[in-house]
Protein chains: 2
Amino acid sequence: MGLGPGSPDCLTGEVRDALSQAQVVIGYKAYVELAASLLEGKEVHASGMTRELDRAGQAMDLALAGRRVVLVSSGDPGVYGMAAVVLELAAARGLELGGQAGQLDLRVLPGVPAAMAAAALLGAPLAHDFACISLSDRLTPWELIERRLDLAAQADLVLVIYNPKSKGRAWQLGRALEIIAVHRGPSTPVGVVGKARREGQRVTVTDLARAEGVPVDMQTILVVGNSQSFVHAGRMATPRGYLGKYGHPQPDDKA
Amino acid sequence: MGLGPGSPDCLTGEVRDALSQAQVVIGYKAYVELAASLLEGKEVHASGMTRELDRAGQAMDLALAGRRVVLVSSGDPGVYGMAAVVLELAAARGLELGGQAGQLDLRVLPGVPAAMAAAALLGAPLAHDFACISLSDRLTPWELIERRLDLAAQADLVLVIYNPKSKGRAWQLGRALEIIAVHRGPSTPVGVVGKARREGQRVTVTDLARAEGVPVDMQTILVVGNSQSFVHAGRMATPRGYLGKYGHPQPDDKA
């Protein structure tokens with residue numbers, strides 16, 4: 001399940017219900033803490049980074065033993081989240097999915113992704129075609145990440161950049177912005193959102209020439225506009241094109 | 001605000017609260033109907049397609065007149081939604097954003113996007129880098145849509161296709177799948193989700209060779225896997241790569 005960006009009022013009703021009915025809650029420490037107020041009386045297993053496979057395996061084993069288990073991700077569990085790790089492991093184990101004995105009764109409950117929470121704080125930068133690309137080269141070759149950035153920038157897609165930086169990864173964001181700048185002008189709007197809907201939230205609207213100067217960390221999302229994106233009154237938006245097509249509403253054009 | 005995919009249990013708490021506090025609710029007819037159970041006692045303005053600018057203008061005018069107005073989108077209001085239309089119009093009118101007299105006090109409340117609701121039903125196809133591309137050429141030149149499909153397919157991004165078909169747009173999806181097939185094999189997994197989390201929901205997992213045969217409409221989302229995506233037990237997933245990196249959990253590798 002996806003806990004959304006962090007603020008409890010961004011949880012969906014079904015995620016709240018599933019949490020309240022769960023017997024066991026498993027997740028990355030920082031995410032389990034986001035849901036702390038909803039976990040009273042439950043068996044909680046919180047673990048660290050790189051323990052993703054262990055968490056998925058533990059959730060699977062406990063569910064197969066008959067417990068009602070939730071595995072939590074922040075944001076949406078399908079977007080760089082744990083849902084795929086569960087399916088990778090189920091496939092590796094040849095485990096059938098369903099409600100019968102010996103099967104895993106798996107449901108994926110969506111949440112508000114971090115990208116959309118960040119975009120809402122910036123304005124509406126994702127209103128036209130966009131790509132989400134993670135700069136983490138822990139599990140993905142850096143050459144492939146560069147290629148994706150280059151092609152997505154050529155395609156004039158709005159770019160959402162996840163994981164711009166972490167301990168031990170300092171230069172990737174600068175290189176990524178260089179690649180994008182081959183195809184986009186220095187005044188292209190860029191939004192930088194740190195800790196969206198969490199304590200310490202920071203929202204900055206800047207441009208491609210200055211984006212590298214904005215402090216970022218692992219919880220920061222960057223949104224690089226396409227060639228049509230604009231900034232108005234401190235907000236960033238990408239037009240859908242209605243004004244270009246229809247112009248201002250005419251008196252005889254009202255519904 | 002974003003109502004999420006359709007099912008009331010996919011609303012976030014803050015959207016539910018803002019709806020209950022609203023005096024006026026404005027939106028596309030079909031979306032206003034999704035929220036019907038929450039609208040009692042409110043002034044409701046529902047209108048049709050192509051009335052997007054009118055709706056944004058009306059919401060703005062009523063808000064500037066001191067009413068508490070919500071403008072609803074399905075899914076997330078920033079993803080092909082109304083938030084950008086409001087900002088386009090605010091910019092065209094030179095309207096300042098803020099809480100002072102003569103300013104528009106604008107907040108964008110995110111929701112679960114249709115793409116993530118569809119992905120959750122399919123499994124976890126969006127667990128690695130992906131692009132969202134709309135096939136609607138009502139406001140976007142078809143040549144640009146083709147170029148984006150081609151480059152995103154080259155980039156081995158998972159592809160989320162919005163608006164595959166509508167009245168008067170029948171051939172676009174077939175052409176889009178042809179472009180993608182230049183770069184991806186015929187057995188590439190494809191998920192097709194109609195009316196995610198609404199009455200009449202249909203979930204199909206197929207492959208690129210057979211995707212065109214699956215019935216689609218304007219409310220259908222397609223997800224085309226990348227070169228690593230797989231199908232297991234009827235679900236579609238894109239690996240994050242943990243199994244490749246760490247292999248199966250070892251006894252001495254537990255948290």
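Labels below follow one simple rule: chain letters A, B, ... track the order of the sequence lines, proteins then strands, and each chain is numbered from 1. Worth saying up front: this structure is predicted, and the values here are computed from it rather than measured.
Ranked by heavy-atom pairs under 4.5 Å with chain B, the list A/Gly234, A/Cys10, A/Ser7, A/Ala120 is led by A/Ala120. When the candidates A/Met82, A/His128, A/Glu96, A/Arg107 are compared by the number of heavy-atom contacts under 4.5 Å with chain B, A/His128 comes out ahead. Top candidate by heavy-atom pairs under 4.5 Å with chain B, chosen from A/Asp9, A/Val108, A/Val160, is A/Asp9. Ranked by heavy-atom pairs shorter than 4.5 Å toward chain A, the options B/Val15, B/Asp17, B/Leu95 are led by B/Leu95. Top candidate by heavy-atom pairs under 4.5 Å with chain A, chosen from B/Pro125, B/Gly111, B/Pro110, is B/Pro110. Of the listed residues (B/Thr140, B/Leu121, B/Thr238), the one with the most heavy-atom contacts under 4.5 Å to chain A is B/Thr140. Of the residues considered (A/Gly94, A/Cys132, A/Ala115), A/Cys132 shows the highest number of contacts with chain B, using heavy-atom pairs under 4.5 Å. Of all the listed residues (B/Met116, B/Gln103, B/Met236), the one sharing the greatest number of non-hydrogen pairs under 4.5 Å with chain A is B/Met116. Per-residue heavy-atom pair counts under 4.5 Å with chain A were compared for B/Pro8, B/Ala90, B/Ala237, and the maximum is reached by B/Ala90. Interface check for chain B: of the options A/Ala84, A/Ala91, A/Gly13, the most heavy-atom pairs under 4.5 Å are formed by A/Ala91. Of the listed residues (A/Ala233, A/Ala127, A/Ala131, A/Gly123), the greatest number of heavy-atom pairs within a distance under 4.5 Å of chain B belongs to A/Ala127.
For the atom pair CH2 (B/Trp142) and CD1 (B/Ile145), the distance works out to 5.5 Å, reported to the nearest 0.5 Å. Here A/Leu89 contributes atom CG and A/Arg55 contributes atom CZ; the two are 13.0 Å apart, rounded to the nearest 0.5 Å. Annotation: the span from A/His45 atom NE2 to A/Arg51 atom CZ amounts to 15.5 Å, rounded to 0.5 Å. Here the CD atom belonging to A/Glu52 is positioned 10.0 Å from the CG atom belonging to A/Leu71, to the nearest 0.5 angstrom. Here CG of A/Leu149 is found 7.5 Å from CD of A/Glu146. Values are rounded to the nearest 0.5 Å.
Shown here for A/Val112 and A/Ala117, the closest heavy-atom pair between the two residues is CG1-N, 4.3 Å.
For B/Leu122, no part sits under 4.5 Å from any heavy atom of chain A, backbone or side chain. Contacts of A/Ile133 with chain B are made by both backbone and side-chain atoms, with heavy-atom separations under 4.5 Å. If you measure heavy-atom distances from B/Val79 to chain A, the contacts under 4.5 Å come from both the backbone and the side chain. For chain A, the nearby part of B/Leu11 is the backbone; its heavy atoms alone come within less than 4.5 Å. Looking at A/Arg197, only its side chain comes within 4.5 Å of chain B, counting heavy atoms on both sides. Interface residue A/Asp156: backbone and side-chain heavy atoms are both found under 4.5 Å from chain B. Using a 4.5 Å cut-off between heavy atoms, A/Leu106 touches chain B through backbone and side chain atoms alike. If you measure heavy-atom distances from A/Phe230 to chain B, the contacts under 4.5 Å come from the side chain alone. The parts of B/Arg240 that come within reach of chain A are both its backbone and its side chain, each placing non-hydrogen atoms under 4.5 angstrom from that chain. Contacts between B/Ala119 and chain A at a heavy-atom distance below 4.5 Å are absent for every atom of the residue. Proximity to chain B is limited to the side chain of A/Arg235, based on heavy atoms less than 4.5 angstrom apart.
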message = Before you tell me yes or no, could you show the steps for A/Ile26 and A/Val72 under side chain to side chain contact (heavy atoms under 4.5 Å, CB included), namely the whole-Å CA-CA distance, both residues' side-chain angles and the distance that decides it to 0.1 Å?
response = CA-CA 6 Å; A/Ile26 301 177; A/Val72 300; over 6 Å; no
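Under 3.5 Å, the side chains of B/Ser134 and B/Asn163 contain a donor-acceptor pair of N or O atoms. Judged purely by distance below 3.5 Å, without hydrogens or angles, the side chains of A/Ser227 and A/Arg184 never pair a donor atom with an acceptor atom. Looking only at atom types and distance, the side chain of A/Ser229 has a donor-acceptor partner in the side chain of A/Asn226 under 3.5 Å away. For the residue pair B/Asp150/B/Gln154, the side-chain donor-acceptor check at 3.5 Å is satisfied.
Using cut-offs of 30° and 60° for the angle between ring planes, the B/Tyr162 and B/Tyr80 rings count as tilted. Relative orientation of the A/Phe130 and B/Phe130 rings is perpendicular, given thresholds of 30° and 60° on the angle between their planes.
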